[in-house]
Amino acid sequence: MKPFTSSIRLQFHKGFTLDDAVPLVPYFERMGISHVYASPVLKARAGSMHGYDVVDPTQINPELGGEPALRRLIAALREHQMGFVLDIVSNHMAVGGSTNPWWLDLLEWGRRSPYANFFDIQWNSPDPLLEGLLLIPFLGSDYGTALQQGDLPLKFDAETGSFYVEHYEHRFPISPPDYASILSIAVDNRLEALGERFGELAHASDAYAQAPALRQALADAAAEGSVFRALENVLKLYDSKTPEGFDRLHRLLERQSYRLASWRTAADDINWRRFFDINELGGLRVERGDVFEATHAKIFQLVAEGLVDGLRIDHVDGLANPRAYCRRLRRRVERLLPARPAETRLDHFPIYVEKILGNGEQLHTDWQVDGTTGYEFMNQVSLLQHDAKGQQQLSDLWVRLSGRTPDFMEEVRAGRRFVLHGTLAGDFASVAQALLRVARSDLMSRDFTLGSIRRALEALIVHYTVYRTYITPCGRPAEDEPFFASAVEGARADLSEGEWPVLDFLVRWLGGEPWRSLPLGRGREALKQACIRFQQLSSPTAAKAMEDTAFYRSATLLSRNDVGFDPEVFSAPAQAFHEACQARAAAFPRNLLTTATHDHKRGEDTRARLAVISERATWYSALITHWQALASNLRGEYADGPAPSGGDEAMLYQALLGSWPLDLQADDTQALEAYAERMQQWQQKALREAKLVSSWSAPNEAYEGACRSFLQDLLTAEHALPLRQSIASAVQVLAPGGALNGLVQATLRATTPGIPDLYQGTDYWDFSLVDPDNRRPVDYAARSAALNAAVEPAALLADWQNGHVKQALIAALLHARAAEPALFLEGEYVPLDVTGEQANRVLAFARHHQGRHAIVIVPRLCSDLLGDGLLIEGENWGDTAVQLPQQLSQFEFKGLFSTQAVTLDKDLRISTALKSFPVNLYLQSDS
C-alpha cells in the first residue's frame with residue numbers, strides 16, 4: 001500500500017453511493033491521491049445526506065450499498081495500492097423516528113433496558129414530572145393538544161406483536177407489562193389470557209428476557225382474523241378524540257418511562273445530552289467500556305480485516321473525556337493491527353480528531369492522535385492572504401452599514417448569552433444544578449444559592465476563548481490554564497464583588513481541585529459529574545454562539561468568518577505562518593491540512609477571492625455606496641427599517657462577490673435563475689442563523705420574503721441590470737487575485753508539514769457557500785477528461801477561468817509529494833529570507849530530509865501587481881529575491897512544470913522563480 005501522502009474527502013449519501021466512487025478511483029490515483037477519506041458509512045437515518053445521524057452502528061448503511069459495496073470500493077482502492085480513512089461518530093447517534101433499535105428499546109423498557117446507560121441521561125431530575133423519566137420533545141404541538149387532536153394514535157404491529165404510539169415519523173413503544181391493561185378490555189379469551197401473562201412481567205426479574213416470546217405469541221394469535229379484529233376494536237377504545245379514549249390513552253402514556261412533550265420544551269427541560277441543540281441527535285456515554293465496544297464493534301471488524309487504514313473522530317469535544325477516549329481507541333486499534341492480512345499491514349495507523357483550536361491553543365500531545373482535521377491550517381493560510389492595511393477601513397464600513405459593533409468578541413459573548421438562555425437553557429440548568437449539589441456538600445459553600453451559581457457560571461462560559469478545557473481526575477492540565485484564567489478574569493469583571501466568592505469556588509471545583517483527592521462518596525461523584533457536564537456545555541455553547549450566530553451577525557470581511565477561524569484576528573505576517581508550520585512539524589507532522597470541508601461556511605476559492613477585498617478596501621467601500629444607491633428601488637420595508645437591513649444587504653454583496661461564477665454574465669437569464677436558487681438557500685440560512693430578525697425556531701416570513709424578493713430582483717429583474725453589471729465587473733477585478741490566492745493555498749497545503757486533504761470538487765475552482773451548497777454533485781467525468789488532456793502550463797494559464805490550471809497544479813504537487821514522501825512528511829521546515837522591494841509579498845521556505853531538498857516560493861497580497869491573468873510581470877518584482885542557504889547551491893533542482901534541471905543562484909530572483917507559473921516548487925533533481 002502507498003504511504004499516506006494525501007487524501008480526497010468524499011461525502012456519501014443515497015445520491016452518491018460507495019459503488020459510485022469505484023469508477024472514480026483511477027482518476028484519484030492519477031491526481032496523486034493516496035487515500036480516500038470517507039464520510040461516516042454506518043447505517044444512518046433514511047435519506048441522510050451526511051451520515052452523522054447513525055441509527056445502527058452495527059451495520060454499513062444500506063442506502064450506500066451496504067457492506068458489499070464498501071468491500072467493492074476498498075477492493076478497487078487496493079488495486080491501485082490506495083488506502084481508506086473513515087470518519088466515525090463517537091459522540092452521538094440519531095434518536096426519534098422509528099429506526100434506531102437501541103433508542104426504541106430504551107423507550108420501551110426505560111431503566112430496565114440494557115441501553116439505559118448507553119445514552120447520556122439524567123434520570124434523577126429536580127422536576128417531579130421527570131423523575132425517573134425521559135423527556136421526549138418530539139411533538140409538533142403541546143402534549144394535551146396532540147392528544148386531543150388524535151395525533152398520538154395507539155397502533156399495533158402485527159408482525160412483531162408490539163403496541164406503540166405513532167406521531168408522524170416517530171414511534172413511541174409501549175412497555176410490554178402495560179400490554180395487560182390494553183388486552184384486558186379485549187373481547188377475546190386468548191387476548192385476555194395473554195394480557196394476564198404480560199401483566200406478570202411487571203414483577204418478574206427476567207421480564208426483559210420473557211417479553212420476546214410473549215410478543216411472538218401475541219403476533220401468532222393476531223394472525224387469526226377474529227383475534228385481529230378484536231385488537232382493532234381495542235385500539236378504537238384508545239381514540240383520544242373521544243373523552244373516554246383521551247383519558248384511557250393518557251393513563252397508558254403516563255405509565256411509560258418517557259414523557260411526551262412539545263419540541264419547544266427541549267431547550268428548558270431536556271434531561272439528556274444532545275449533539276449541540278439538535279433534539280434528533282442523542283449523546284452517547286462512550287466513556288463506558290460496554291458502550292465503547294458496542295458502538296465501535298463494526299469499525300474494529302473493518303480495521304482488523306485490513307479494510308480501514310485510518311480513522312477520523314467527529315466532534316471529539318462532545319465526549320466526556322477526549323483524552324481517555326483517544327488513548328483507549330489507540331490501544332484498541334494497535335491490538336488489531338497484527339491480525340490484518342499481510343498486504344494491508346501498516347507501520348502506523350493514523351487517528352485524527354475534529355477539533356477546533358482557539359487562538360493560541362494547541363492540541364494536547366498526550367492524546368496519542370496524529371493531529372486534527374486541519375481547520376487551524378485553513379485559518380493560517382487565510383491570515384496570510386489578508387492585508388492588515390484594509391482592516392480598519394473595512395471595519396468602519398461594516399459599522400456604518402450595519403450599525404453593529406466592530407468588536408467580534410462582543411458579538412460572540414452576546415451569542416453565548418443568547419444560547420445559554422435559549423436552546424441550551426436546559427443543559428445550562430443541569431450544570432448549575434450539578435454545581436449546587438457540590439456546593440451543598442461543603443459547609444464553606446452551602447449558602448451559595450442556585451441563582452448565584454448560575455450567574456457566576458454564565459459569566460465564566462461567556463468569556464471562554466476556547467471551546468472547552470480538559471479536566472482530568474488530577475485537575476486542569478497546564479496547557480488549559482491560560483484560557484481558563486482568561487475566562488475567570490473576564491467573568492470577574494462582569495460580576496459584582498459580592499459574587500466573586502462563588503466564582504472563586506468555581507475555579508476550585510472546575511479542575512482547580514482534583515476530584516481524585518476527595519474521599520470516596522457523593523461529594524467526589526458530584527464534583528466529577530459537574531466537571532464533565534460543564535465541559536460538555538462550554539463546547540456546544542461556543543459552536544452555536546460563534547459558528548451559528550456571530551458569523552452571521554458580523555461581517556467586516558466574510559472570508560475571515562469560517563470554522564476554526566478567529567475573526568478577531570484579521571491577518572498575520574509570513575513569520576507567523578512559518579512559526580505555525582514549524583510547531584506543527586515538531587508536534588504533529590502528520591496533521592491533516594485542509595482548505596475546505598463539508599462544514600465550511602464558504603468554499604476555499606470563495607474565501608480566496610473575498611480576501612482580495614482586504615487589499616482594495618477603498619475601492620470596495622466606494623462600490624458599496626454605489627450599489628446601495630442602485631438598489632434603492634429594490635428594497636422593501638419591514639417594521640422600522642428597510643428589508644434587507646443594512647447589515648444583511650452588505651453580507652449579501654460579499655456573498656455575491658465571493659461565489660459569482662467566473663462565466664456568469666449579468667444578462668444570462670437562465671444561469672442567473674439557477675444562481676438565484678443557490679443564493680436564496682444561503683440567504684435563508686444566514687438570516688435564521690443570525691437570529692436577529694428571523695430564526696429556525698420562529699421564522700419571520702415577512703422579513704425573509706422581503707429579503708428574498710430583493711435578491712431575486714437583483715439577480716433576475718431587468719431594471720436591476722445596471723447593479724448586476726457593476727457586481728459582475730467587480731468580480732472580474734477580484735477574480736485574478738482570488739485565483740492566485742487559490743493556487744497559493746493549494747501549494748501550501750501540499751508542501752508544508754502535514755498531509756494534504758482535498759475536499760470533493762475542489763480540484764477545480766470552488767466558489768461554494770455553506771451547506772448544502774458545498775455538497776452539490778461533482779462532475780468527475782469532466783475532471784477526468786481535463787486531466788487526461790495534459791495541457792501545457794502556458795495554455796492552462798491563458799484559460800485559467802475553467803479551473804484546469806488548479807487541477808494541474810494539485811496533481812503536479814501531489815505527485816511530487818508522493819515521489820518524496822519522507823521529505824514532506826518528516827523533513828525539516830526552514831523559512832527562507834526574502835529581500836527587495838516586494839519582499840513582504842513573498843513567502844518562501846525549504847524542506848530538508850536526509851540529503852533531499854525542496855524549495856517552495858509563493859506570492860501573497862499581490863492583486864495590484866496582476867493584470868487580467870495570474871502571472872506577475874518580472875519588472876513588477878524588481879529586485880525581490882529569495883536568499884538560499886549556501887549548501888543548496890551544490891544541487892540541481894527542477895521547477896514544478898520544468899523538465900530541465902538547473903543550479904539556483906544564492907539570490908534567487910522572484911522574476912526568475914515565478915516567470916512561467918504563479919507559484920513554484922523546486923525539487924532536488926536526481927540527475
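Because the structure is predicted, anything quoted here is derived from the model rather than measured.
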- [ ] Report the residues that fulfil side-chain hydrogen bond (donor to acceptor under 3.5 Å, both in side chains) with Arg190, sequence neighbours left out, ordered by chain and then residue number.
- [x] Glu224
Open item on the list: Using a 3.5 Å distance criterion without hydrogens, assess whether the side chain of Thr265 forms a donor-acceptor pair with backbone atoms of Ala261.
Closed with: no
Task: Distance-minimising heavy-atom pair for Gly161 and Ala219 - done: N-CB, 3.7 Å
Open item on the list: Strictly distance-based, threshold 3.5 Å: is any side-chain N or O of Asp142 a donor or acceptor partner for the main-chain N or O of Gly144?
Closed with: no
- [ ] Answer with yes or no whether the side chains of Asp56 and Thr58 bring together a donor and an acceptor at under 3.5 Å.
- [x] yes
Open item on the list: Can you list everything that forms a salt bridge (charged side-chain N to carboxylate O under 4.0 Å, His left out) with Arg288? Sequence neighbours excluded, please.
Closed with: Asp290
Open item on the list: Donor-acceptor check, side chain of Asn233 to backbone of Arg229, threshold 3.5 angstrom: yes or no?
Closed with: yes
Task: Residues that His167 engages under ring-ring contact (aromatic ring centres under 6.0 Å, His included), provided they are two or more places apart - done: none
Open item on the list: Less than 3.5 Å apart, any donor N or O on the side chain of Asn91 or Arg273 sitting next to an acceptor on the other?
Closed with: yes
TODO: Before giving the answer on salt bridge (charged side-chain N to carboxylate O under 4.0 Å, His left out), spell out for Asp157 and Lys155 the whole-Å C-alpha distance, their side-chain angles and the decisive distance to 0.1 Å.
DONE: CA-CA 7 Å; Asp157 187 331; Lys155 300 274 189 173; over 6 Å; no
- [ ] Measure from the side-chain N and O atoms of Glu63 to the backbone N and O of Lys14, and report whether any donor-acceptor pair falls under 3.5 Å.
- [x] no
Open item on the list: I need the Leu70 CG to Leu64 CG distance, nearest 0.5 Å.
Closed with: 9.0 Å
- [ ] Assess whether atom CZ of Arg332 is packed by more than 12 heavy atoms of other residues, nucleotides or ligands within 6.0 Å.
- [x] yes
Task: Those residues that, when tested against Glu458, pass side-chain hydrogen bond (donor to acceptor under 3.5 Å, both in side chains) (two or more places apart) - done: His421
Open item on the list: Show the nearest heavy-atom pair for residues Pro40 and Val89, with the distance to one decimal.
Closed with: CG-CG2, 3.8 Å
TODO: Taking Ser257 for its side chain and Leu107 for its backbone only, find out whether a donor-acceptor pair lies under 3.5 Å.
DONE: yes
TODO: Decide whether a cation-pi geometry holds between Arg285 and Phe119; the criteria are a distance under 6.0 Å from NZ or CZ to the six-membered ring centre and an angle within 45° of the ring axis.
DONE: no
- [ ] Could I get the full list of side chain to side chain contact (heavy atoms under 4.5 Å, CB included) partners for Arg455, not counting sequence neighbours?
- [x] Ser452, Leu495, Glu499
TODO: Going by the ring-ring contact (aromatic ring centres under 6.0 Å, His included) test, name the single residue among Phe118, Trp123, Tyr258, Trp103 that passes it with Trp272.
DONE: Trp103
Task: Cation-pi, Tyr164 ring and Arg171 (6.0 angstrom, 45 degrees) - done: yes
- [ ] Show the numbers, then the answer: is there a salt bridge (charged side-chain N to carboxylate O under 4.0 Å, His left out) between Glu305 and Arg71?
- [x] CA-CA 11 Å; Glu305 291 186 28; Arg71 292 179 180 275; 2.7 Å; yes
TODO: Decide, yes or no, whether a salt bridge links Arg274 with Asp427 under the criterion of side-chain N to carboxylate O below 4.0 Å.
DONE: yes
TODO: In plain terms, say whether Arg533 and Asp120 are close enough for a salt bridge, that is, a side-chain N and a carboxylate O under 4.0 Å apart.
DONE: yes
Open item on the list: Using only atom types and a distance under 3.5 Å, with no angle test, would you say the side chain of Thr423 pairs donor to acceptor with the backbone of Ala267?
Closed with: no
Open item on the list: Angle between ring planes, Phe172 versus Phe138, binned at 30° and 60°: parallel, tilted or perpendicular?
Closed with: parallel
Open item on the list: Under the criterion side-chain hydrogen bond (donor to acceptor under 3.5 Å, both in side chains), I'd like the reasoning laid out for Asp53 against Ser48: C-alpha separation, chi angles, the key distance, then a yes or no.
Closed with: CA-CA 7 Å; Asp53 43 2; Ser48 174; 2.7 Å; yes
Task: Heavy-atom closest pair, residues Ser162 and Arg215 - done: OG-CD, 3.3 Å
Open item on the list: I'd like to check Asp599 versus Glu354 (side-chain heavy atoms, cut-off strictly below 4.5 Å). Are they in contact?
Closed with: yes
- [ ] Output yes when Arg251 and Glu244 qualify as a salt bridge under the 4.0 Å nitrogen-oxygen rule, no when they do not.
- [x] no
- [ ] Considering non-hydrogen atoms only, spot the tightest contact between Arg468 and Ala320 and give its length.
- [x] NH2-O, 3.5 Å
- [ ] For residues Ala94 and Val55, report the shortest heavy-atom separation together with the two atoms involved.
- [x] CB-CG1, 3.7 Å
Open item on the list: With a 6.0 Å cut-off on the ring centroids, do Phe276 and His315 count as close?
Closed with: yes
- [ ] Output yes when Glu232 and Lys236 qualify as a salt bridge under the 4.0 Å nitrogen-oxygen rule, no when they do not.
- [x] no
- [ ] Scan side-chain atoms only and decide if Tyr470 and Asp317 contain a donor-acceptor pair under the 3.5 Å cut-off.
- [x] yes
TODO: Not counting sequence neighbours, which residues clear ring-ring contact (aromatic ring centres under 6.0 Å, His included) with Tyr208? List them please.
DONE: Trp109
TODO: Determine, step by step, whether Ser430 and Gln122 satisfy the side-chain hydrogen bond (donor to acceptor under 3.5 Å, both in side chains) criterion, reporting the C-alpha distance in whole Å, the side-chain angles of both residues, the deciding distance to 0.1 Å, and the verdict.
DONE: CA-CA 9 Å; Ser430 174; Gln122 291 177 268; 2.5 Å; yes
TODO: Determine the interplanar angle of the Tyr179 and Phe198 rings, folded into 0 to 90°, and report it as parallel if under 30°, tilted if 30 to 60°, perpendicular if over 60°.
DONE: tilted
Task: Side-chain donor or acceptor of His170 paired with backbone N/O of Gly97 under 3.5 Å - done: yes
- [ ] Verify the neighbour count for atom CD of Glu287: are there more than 12 heavy atoms of other residues, nucleotides or ligands below 6.0 Å?
- [x] yes
Open item on the list: Could you tell me if the side chain of Leu152 sits less than 4.5 Å from the side chain of Leu260, heavy atoms only?
Closed with: yes
Task: Any side-chain donor near an acceptor of the partner, Ser125 and Asn271, under 3.5 Å - done: no
TODO: Work out which heavy atom in Asn61 is nearest to a heavy atom in Leu42; give both atom names and the distance.
DONE: CB-O, 3.6 Å
Task: Nearest-0.5 Å distance, CG of residue Leu460 to CZ of residue Phe534 - done: 4.5 Å
- [ ] Measure the shortest side-chain to side-chain distance between Leu218 and Phe156 over non-hydrogen atoms and say whether it is less than 4.5 angstrom.
- [x] yes
TODO: Taking atom types as modelled, find out whether Ser39 and Asp87 have a side-chain donor-acceptor pair closer than 3.5 angstrom.
DONE: no
- [ ] Decide yes or no on side-chain contact (heavy atoms from CB on, under 4.5 Å) for Arg454 and Leu436, but give the supporting numbers first.
- [x] CA-CA 9 Å; Arg454 286 177 62 94; Leu436 180 64; over 6 Å; no
TODO: Could you tell me whether the side chains of Ser181 and Arg255 share a donor-acceptor contact shorter than 3.5 Å?
DONE: yes
- [ ] Fit a plane to each ring of Tyr325 and His296, take the angle between them on a 0 to 90° scale, and name the class: parallel (under 30°), tilted (30 to 60°) or perpendicular (over 60°).
- [x] tilted
- [ ] Classify the angle between the aromatic ring planes of His250 and Tyr143 as parallel (below 30°), tilted (30 to 60°) or perpendicular (above 60°).
- [x] tilted
TODO: Dump the intermediate steps for side-chain contact (heavy atoms from CB on, under 4.5 Å) on Leu510 and Thr469, then the final yes or no.
DONE: CA-CA 10 Å; Leu510 299 175; Thr469 47; over 6 Å; no
